[in-house]
Amino acid sequence: MEIKGILIDPKDQVVTVAEEVNPGDRVCYSLGEEMNRIASKEYIPQYHKIAVVPIEKGSKIYKYGEEIGTAIADIEAGEWVHVHNLKSSCLIQ
C-alpha cells in the first residue's frame, strides 16, 4: 500500500505519515517537484514519524524544519521515530 507522508523542509530527516503504516508499506512524500518513497520497516501509527534517512545516535532530528530532539539510538531509514529512540527537545516547565 502507498501512504502519503508530509515533508515540509529539506533538512527534515523524518516524514509525518497521514495514516497508519504497516511493515512493507511505501510512504510517498515530496518537496517541490521531487517525489520520494520509503518502505516502512515496522508498524507506525497515524500522524507519527518515519525516518527517511539513517539517523546516528546523538544526532539532532528535524521535523517541519525545526529541531524536535536527539536520537538516543541509531535509527534506520524506514523505522518509526518516537520516544523509544528520540529524546525530545521540548522542555516542560
Side-chain angles (χ1 to χ4, degrees):
M1 177 181 282
E2 195 161 271
I3 309 296
K4 290 186 179 175
I6 302 165
L7 178 74
I8 301 294
D9 191 281
K11 69 182 169 189
D12 294 350
Q13 302 120 306
V14 298
V15 166
T16 302
V17 297
E19 54 189 278
E20 72 178 25
V21 175
N22 290 300
D25 285 348
R26 291 172 300 169
V27 177
C28 177
Y29 60 97
S30 64
L31 185 65
E33 299 294 318
E34 183 180 345
M35 182 63 72
N36 297 290
R37 288 177 179 74
I38 184 79
S40 177
K41 294 182 180 272
E42 58 192 315
Y43 171 80
I44 302 172
Q46 183 179 29
Y47 305 130
H48 283 234
K49 299 169 292 301
I50 185 172
V52 294
V53 296
I55 303 169
E56 291 184 14
K57 180 179 179 179
S59 297
K60 300 297 182 189
I61 299 176
Y62 290 85
K63 172 183 166 188
Y64 303 154
E66 299 294 328
E67 179 187 318
I68 61 168
T70 303
I72 58 174
D74 288 338
I75 304 169
E76 292 182 33
E79 288 186 340
W80 181 26
V81 178
H82 198 54
V83 296
H84 63 285
N85 56 14
L86 165 75
K87 180 180 178 188
S88 176
S89 295
C90 178
L91 298 175
I92 299 175
Q93 303 277 336

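Values below: all heavy atoms of this structure, side chains included; hydrogens, waters and symmetry mates excluded.
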**Report entry** Non-hydrogen side-chain atoms of V52 and N36 separated by less than 4.5 Å
**Finding:** no
Query raised in the report: If you take all heavy atoms of E76 and A51, which pair is closest and at what distance?
Result: O-CB, 3.6 Å
Report task. Spell out, as yes or no, whether a donor-acceptor pair under 3.5 Å connects the side chain of Q46 to the backbone of A18. Result -> yes
Query raised in the report: Checking N85 side chain against W80 main chain: does a donor-acceptor pair fall under 3.5 Å?
Result: yes
Query raised in the report: Can you name the one residue among Y29, Y64, Y47 that meets side-chain hydrogen bond (donor to acceptor under 3.5 Å, both in side chains) with T16?
Result: Y64
Query raised in the report: For the residue pair K63 and V14, what are the closest heavy atoms and their distance?
Result: CB-CG2, 3.6 Å
Query - N/O donor-acceptor pair under 3.5 Å between N22 side chain and Y43 backbone - result: no
**Report entry** Identified side-chain contact (heavy atoms from CB on, under 4.5 Å) partner of E79 from the options H84, K49, E42
**Finding:** E42
Report summary line: Between V15 and I6, the two heavy atoms sitting closest are CG1-N, 3.2 Å
Query raised in the report: Tell me, do I3 and I50 make a side-chain contact under 4.5 Å, heavy atoms counted?
Result: no
Query - CD-NZ distance between E66 and K11, expressed to the nearest 0.5 angstrom - result: 6.5 Å
Query - Donor-acceptor contact below 3.5 Å, side chain E56 vs main chain A71 - result: no
Query raised in the report: Considering all heavy atoms of both residues, which atom of D74 and which atom of K57 are nearest to each other, and what is their separation?
Result: OD1-N, 2.8 Å
Query raised in the report: Donor-acceptor pair, E2 side chain versus R26 backbone, under 3.5 Å?
Result: no
Query - Joint cluster assignment, I38 & L31, ILVMFWY side-chain distance < 4.5 Å - result: yes
Query raised in the report: When you look at I61 and I75, which way does the side-chain contact (heavy atoms from CB on, under 4.5 Å) test go after all the steps?
Result: CA-CA 11 Å; I61 299 176; I75 304 169; 4.0 Å; yes
